[in-house]
Structure formats: structure tokens, C-alpha cells
A.B. asks: 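Dropping a structure here in C-alpha cells format, bear with me for questions.
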Amino acid sequence: MADARTHHHARAGRGGIKAIFLAQASGIVAVKTDPHGRVERVQIRPEAALAANLTTVEDEALYTERSVLKNGARSVTHTLEITLEGIFDLPDTGWVAVAEMNDHQTRIIGYSTTMGLERPLRIEKAVADHGKSPASQPRTTIVMTSVDTSPAMDFTGEVEIV
């Protein structure tokens, strides 16, 4: 999914997402697609990549895609929900995710060939949970959404930090 420099992805358990890489959309330098419409490469400035060593809570990563056809126009709502170990206060900015699903397919979410980076994922909700007991582990659940005209694109290449 990524080259050796892209260790900024979160690991998930047996949930719908196996691994995820998040970057601020404003820090994406280039996106290269192949002739079949799959994304081959994403180049990102280092400051745009989410902090290293993120860990998701097992079975707490989910991606859903809802497509609606109304009056001949398609609208696709992308929803990414992840629960991270630790407390995070993410910037209120646009995000792009590269998510490796448990079925071994990888998708790019928050970017499309029709809309480019105009419709990135936006934080809809973030909940920091400090736990009920001293033994509880703090965690943050983040829900991001994007509305586009296309389903998430296949991602077959690598994320480059440039």
C-alpha cells in the first residue's frame, strides 16, 4: 500500500478496514491515475500527513458508501469512522484517506477524478473518551464524511512523502 516512508497509517483489527493513511487534502501535491481510472500514486507534503504511530481500536474502523440517484443525478456519500487509541484534536480541514479493506482492496476516499480535491472528507463528529475507570484507555472516535458524484476509487500504488 505504501513505501517505507509512509509509516503514518493506523492499523485496524478484524473490522472492515485493515490499515488507513490520513492526510490533509491541502497537502496533496499530485495524484496520478492509470488508464483504467485507478489511482497509482499520491504525493503528499510531510506536514500534511497525520502524526505517526496511530493505532485504531480493534474492530472499530468502518467505511460506508451510499449512492443515491435522484432526477438522473448521482450523489455518493462517503463515511469513514475510526476509533484511535489516545486523545486527538484533528484540525478542522479537508482530509483524504487511503484505506486498505480486509478484503485486500484499497480505496482512496476524499478524492475523485470528477471532483478532484474539491470534496474531501470533513470531520462530522469527534468524541474523546477518557474512560470510566483508572484502567480505561483513552480513545477518540472520529467520523468523517464527503459527498461526491463517484464511488471511492481503487488505489493500486503508493503514497509518497515528498
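Here, residue 1 is the first one in the sequence, and each next residue gets the next number.
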A.B. asks: Tell me every residue that passes side-chain contact (heavy atoms from CB on, under 4.5 Å) with Lys125, counting only those two or more places apart in sequence or in another chain.
C.D. replies: Val127, Val143
A.B. asks: Below 4.5 Å, heavy atoms only, C-beta onward: do Thr141 and Glu81 meet side chain to side chain?
C.D. replies: yes
A.B. asks: Donor-acceptor pairs under 3.5 Å, side chain of residues 72-80 to any protein atom, not counting sequence neighbours: which ones?
C.D. replies:
residue, atom, partner, partner atom, Å
His78, ND1, Tyr63, OH, 2.6
His78, NE2, Ser150, O, 3.1

A.B. asks: Show me the pairs that pass salt bridge (charged side-chain N to carboxylate O under 4.0 Å, His left out) and involve residues 22-39, at least two apart or across chains.
C.D. replies: Lys32-Glu40, Asp34-Arg38
A.B. asks: Do you reckon Leu62 sits in the same ILVMFWY cluster as Leu22, going by side-chain contacts under 4.5 Å, direct or chained?
C.D. replies: no
A.B. asks: Nearest heavy-atom pair of Met153 and Ser112: which atoms, and what distance?
C.D. replies: SD-CA, 3.6 Å
A.B. asks: Of all residues at least two apart in sequence or in a different chain, which pass the side-chain hydrogen bond (donor to acceptor under 3.5 Å, both in side chains) check with Thr64?
C.D. replies: none
A.B. asks: Taking salt bridge (Lys or Arg N to Asp or Glu O under 4.0 Å) as the definition, give me every residue that meets it alongside Asp148, ordered by chain and number, with sequence neighbours left out.
C.D. replies: none
A.B. asks: So, do Leu84 and Arg139 sit near enough that their side-chain heavy atoms are less than 4.5 Å apart?
C.D. replies: no
A.B. asks: Is there a side-chain contact between Val42 and Ile28 in this structure, where contact means two heavy atoms from C-beta onward sitting under 4.5 Å apart?
C.D. replies: yes
A.B. asks: Report the residues that fulfil side-chain hydrogen bond (donor to acceptor under 3.5 Å, both in side chains) with Thr156, sequence neighbours left out, ordered by chain and then residue number.
C.D. replies: none
A.B. asks: Tell me which donor-acceptor pairs under 3.5 Å the side chains of residues 88-99 have, and how far apart each pair is, sequence neighbours excluded?
C.D. replies:
residue, atom, partner, partner atom, Å
Trp95, NE1, Pro91, O, 3.4
Trp95, NE1, Thr93, O, 3.3

A.B. asks: Can you list everything that forms a side-chain contact (heavy atoms from CB on, under 4.5 Å) with Arg45? Sequence neighbours excluded, please.
C.D. replies: Val29, Glu47
A.B. asks: With heavy-atom distances below 4.5 Å as the criterion, would you say the side chains of Gln105 and Glu100 are in contact?
C.D. replies: no
A.B. asks: Indicate yes or no: at least one non-hydrogen side-chain atom of Ile17 is less than 4.5 angstrom from one of Met101.
C.D. replies: yes
A.B. asks: Which is it for His130 and Ile87 under the side chain to side chain contact (heavy atoms under 4.5 Å, CB included) test, yes or no, and what are the steps along the way?
C.D. replies: CA-CA 8 Å; His130 293 271; Ile87 302 299; 3.7 Å; yes
A.B. asks: Grab the two heavy atoms, one from Ile44 and one from Ala48, that are nearest each other, plus how far apart they are.
C.D. replies: CG2-CB, 3.8 Å
A.B. asks: Which salt bridge (charged side-chain N to carboxylate O under 4.0 Å, His left out) pairs, counting each pair once, include a residue from residues 113-124, with sequence neighbours left out?
C.D. replies: none
A.B. asks: Applying salt bridge (Lys or Arg N to Asp or Glu O under 4.0 Å), can you list everything that pairs with Arg107, at least two apart in sequence or on another chain?
C.D. replies: Asp154
A.B. asks: Measuring only between side-chain heavy atoms, which start at C-beta, is Thr140 closer than 4.5 Å to Thr83?
C.D. replies: no
A.B. asks: Which pair of non-hydrogen atoms, one from Ala61 and one from Ile82, has the smallest distance, and what is that distance?
C.D. replies: CB-CG2, 4.2 Å
